[in-house]
Amino acid sequence: MALFQHPARITRRILASQIMMTTSCQASTRHVHSSAAQTAASELLKKVKGQKFVRKQLLDGNQLQKLSLTLGRRSEFCTGEPPDGTYLPYGHHLVYFTPSQFESELGADGSDTTFNSPAPFTRRMWAGGEMLWNPQVQLRIGDRVEETTEILDAKAKKSRDGSEMVLVDVEKIFVSPRGVALIDRRSWIFRQPLPAPPTGSIAPVITIPTAKSHIQDDTDLKAGYTMRNLVWSPVALFQFSALTFNAHMIHFNESWTRQVEGHPNVVVHGPLNLINLMDYWRDVHSRGGAIKAKSIAYRALSPLYAEEEYTIGTEAAEEGNGETIRYRLVVKRGEVVCMRGEVVGVRPS
């Protein structure tokens with residue numbers, strides 16, 4: 001496919017015309033000049049711009065099975081390790097090529113620091129991005145895959161409340177033995193720390209989990225599509241952190257999450273939300289695999305937390321040019337939109 005002959009160049013052109021995090025509700029499009037954020041962004045670019053980080057990994061079936069168990073997908077891979085040749089579902093590559101750092105090299109919050117903004121912009125959140133799949137070259141269990149990662153940009157931004165932050169864009173290209181299979185571009189935002197609470201004002205956080213994770217589908221009578229209801233428990237979030245070797249404490253350390261980061265509970269992982277979004281599309285719209293996903297562009301708008309119920313639904317499915325269909329998906333907690341995504345599907349020729 002011509003699309004994957006020059007992936008970096010073509011991806012940037014596509015990304016420029018689709019949903020990107022630079023227009024999200026967490027970051028305005030206004031650049032911040034001559035500021036602490038601009039200095040931090042420049043320092044990060046000076047450190048890693050132009051470097052390509054290359055890793056190779058065998059896509060093993062055990063990792064995919066453990067993900068299926070974590071997701072509660074009882075019909076997929078839960079009774080045994082999937083054999084070599086099994087296609088990797090959309091988005092499930094996110095549990096491979098996990099961070100490879102010693103604890104001493106991690107940030108104070110436990111995050112991988114490879115592309116982290118310099119201090120004081122140390123509060124990190126997943127922000128958005130896009131994935132492009134090659135329908136002719138799908139990743140499979142048993143493949144030895146090469147991942148090449150590079151930073152695309154780091155910019156100073158201002159949030160709606162006027163505070164400074166740094167937006168970092170990274171691109172990953174995955175090459176299987178049969179060619180380029182996937183281009184994954186993702187963005188993070190980095191904010192300054194919250195003010196420290198007064199000495200002696202912090203009480204121990206003791207929370208007893210009251211519910212287990214669950215997923216249930218209902219019919220959205222208004223939209224005419226299936227709506228999926230989800231709740232993630234702290235236990236499941238810890239399992240996902242372990243599976244992805246992700247030590248970012250906002251996902252499992254309740255004291256850190258509340259007292260340092262200012263969240264009401266541990267945070268549902270951005271990659272987990274994305275996997276859930278693509279699993280929903282696959283279950284509801286792919287017609288048993290007859291329609292292939294070509295791309296997803298997505299942006300995170302508001303965090304989701306453990307033990308909160310939220311929904312994934314379809315706002316519209318629009319006929320595109322030729323063989324394509326565009327699916328506008330939305331993740332909501334009550335009336336609050338937490339994530340939007342647009343999946344481009346391709347009909348069989």
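Any value given below was found using the heavy atoms of this structure, including those in side chains, with hydrogens, waters and symmetry copies removed.
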- Message: Just so I know, are the side chains of Val268 and Pro303 near enough to count as touching, which here means a heavy-atom distance under 4.5 Å?
- Response: no
- Item | Ion pair check, Arg186 and Asp169, cut-off under 4.0 Å | no
- Give a yes or no on this: more than 12 heavy atoms of other residues, nucleotides or ligands lie within 6.0 Å of atom CD of Gln51. yes
- Query: Any side-chain heavy-atom pair from His92 and Leu67 closer than 4.5 angstrom?
  - Reply: yes
- Task: Answer yes or no: is there a donor N or O on one side and an acceptor on the other, between the side chain of Asn134 and the main chain of Val180, under 3.5 Å?
- Result: yes
- Task: Inspect the contact between Lys172 and Glu150 and indicate whether a charged nitrogen and a carboxylate oxygen are less than 4.0 angstrom apart.
- Result: no
- Query: Would you call Glu261 and Arg258 a salt bridge, taking side-chain N to carboxylate O under 4.0 Å as the test?
  - Reply: no
- Task: Show your working on side-chain contact (heavy atoms from CB on, under 4.5 Å) between Phe190 and Leu44 and close with a plain yes or no.
- Result: CA-CA 12 Å; Phe190 296 87; Leu44 178 60; 5.8 Å; no
- Between the CG atom in Leu64 and the CG atom in Leu139, the distance rounded to the nearest 0.5 Å is 11.5 Å
- Task: Using modelled atom types only, decide if a donor and an acceptor are shared between the side chain of Glu105 and the backbone of Phe102 within a distance under 3.5 Å.
- Result: yes
- Item | Shortest non-hydrogen separation from Ser68 to Phe77 and the atoms involved | OG-CD1, 3.3 Å
- Task: Return the minimal non-hydrogen interatomic distance between Trp232 and Thr70, and the atom names on each side.
- Result: CZ3-O, 3.5 Å
- Query: Which value, rounded to the nearest 0.5 Å, describes the distance between His248 atom NE2 and Asn253 atom CG?
  - Reply: 10.5 Å
- Message: Show, in sequence, the C-alpha distance, side-chain angles and deciding distance for Lys49 and Asp153, and conclude whether the salt bridge (charged side-chain N to carboxylate O under 4.0 Å, His left out) test is met.
- Response: CA-CA 8 Å; Lys49 183 69 172 177; Asp153 205 357; 5.8 Å; no
- Message: Quick test of your reading of the model: are Glu130 and Arg185 salt-bridged, counting only N-O distances below 4.0 Å?
- Response: no
- Item | Validation row: Arg282, Pro89 side chains within 4.5 angstrom (heavy atoms) | yes
- Please confirm whether Phe97 and Phe174 have ring centers closer than 6.0 angstrom. yes
- Task: Please say whether more than 12 non-hydrogen atoms of neighbouring residues, nucleotides or ligands are located less than 6.0 Å from CZ in Arg287.
- Result: no
- Message: Side-chain heavy atoms nearer than 4.5 Å, only ILVMFWY residues, links allowed to pass through others: does that put Met339 and Met227 together?
- Response: no
- Item | Phe238 with Val231, same ILVMFWY side-chain cluster at under 4.5 Å | no
- Where do Ile275 and Gly91 come nearest, in terms of heavy atoms and distance? CG1-O, 3.4 Å
- Item | Ser176 side chain reached by Arg140 side chain, heavy atoms, under 4.5 Å | no
- Can you find a pair of side-chain heavy atoms, one from Thr114 and one from Val48, that are under 4.5 Å apart? no
- Does Glu318 pair with Arg328 as a salt bridge, N-O distance under 4.0 Å? yes
- Task: State, without any angle test, whether Thr311 and Arg228 hold a side-chain donor-acceptor pair at a distance under 3.5 Å.
- Result: no
- Thr314 side chain to Ala316 main-chain N or O, any donor-acceptor pair under 3.5 Å? no
- Query: Are Ile250 and Asp109 close enough that some pair of their side-chain heavy atoms sits under 4.5 Å apart?
  - Reply: no
- Task: Grab the two heavy atoms, one from Thr122 and one from Pro193, that are nearest each other, plus how far apart they are.
- Result: OG1-CG, 3.5 Å
- Sub-4.5 Å side-chain heavy-atom contact between Leu301 and Arg340: yes
- Task: Please tell me if the side chains of Leu71 and Asn276 come closer than 4.5 Å, counting only heavy atoms from C-beta onward.
- Result: yes
- Stepwise, does the side-chain hydrogen bond (donor to acceptor under 3.5 Å, both in side chains) test hold for Asp218 with Thr226? CA-CA 6 Å; Asp218 295 316; Thr226 296; over 6 Å; no
- First locate atom CG of Leu277, then atom OH of Tyr327, and finally report the distance between them rounded to the nearest 0.5 Å. 13.5 Å
- Task: Let me see the working for Gln192 and Ser163 under side-chain contact (heavy atoms from CB on, under 4.5 Å), right down to the final yes or no.
- Result: CA-CA 9 Å; Gln192 297 187 55; Ser163 61; over 6 Å; no
- Note on the structure: To the nearest 0.5 Å, atom CE of Met165 lies from atom CD1 of Ile189 at 5.0 Å
- Step-by-step side-chain contact (heavy atoms from CB on, under 4.5 Å) determination, Tyr96 to Leu88: CA-CA 11 Å; Tyr96 295 91; Leu88 205 65; 3.8 Å; yes
- Could you pull out the closest heavy-atom pair between Ala40 and Ser117, with the gap in Å? CB-OG, 3.7 Å
- Item | Donor + acceptor pair across side chains of His269, Ser241 (<3.5 Å) | yes
- Interatomic distance, Leu182 atom CG to Leu132 atom CG [nearest 0.5 angstrom]: 8.0 Å
- Query: Just by distance, do the side chain of Glu147 and the backbone of Lys56 share a donor-acceptor pair under 3.5 Å?
  - Reply: no
- Query: What are the two closest non-hydrogen atoms of His251 and Leu237, and how far apart are they?
  - Reply: O-CB, 3.8 Å
- Task: May I ask whether Val346 and Val343 are part of the same hydrophobic cluster, defined by side-chain heavy atoms of I, L, V, M, F, W, Y residues being less than 4.5 angstrom apart, directly or through others?
- Result: no
- Task: Mark yes or no for whether Lys294, through its side chain, and Pro135, through its backbone, hold a donor-acceptor pair below 3.5 Å.
- Result: no
- Query: Is it true that Val137 and Met131 fall in one hydrophobic cluster, defined by side-chain heavy atoms closer than 4.5 Å?
  - Reply: no
- Measure the CD-CD distance between Glu164 and Gln38 for me, rounded to the nearest 0.5 Å. 9.5 Å
- Message: Ring centres under 6.0 Å, that's the criterion: do Phe115 and Phe53 meet it?
- Response: yes
- Test: Arg73 and Asp283 ion pair at under 4.0 Å: yes
- Task: In sequence, state the C-alpha distance, the side-chain angles, and the governing distance for Leu230 and Ile312, and then conclude on side-chain contact (heavy atoms from CB on, under 4.5 Å).
- Result: CA-CA 8 Å; Leu230 305 95; Ile312 300 176; 3.7 Å; yes
- Query: Any link between Leu69 and Ile215 through a network of hydrophobic side chains (Ile, Leu, Val, Met, Phe, Trp, Tyr) touching at under 4.5 Å?
  - Reply: no
- Would you please indicate if the ring centroids of His263 and Tyr305 are separated by under 6.0 Å? yes
- Message: Using a 3.5 Å distance criterion without hydrogens, assess whether the side chain of Ser213 forms a donor-acceptor pair with backbone atoms of Ser233.
- Response: yes
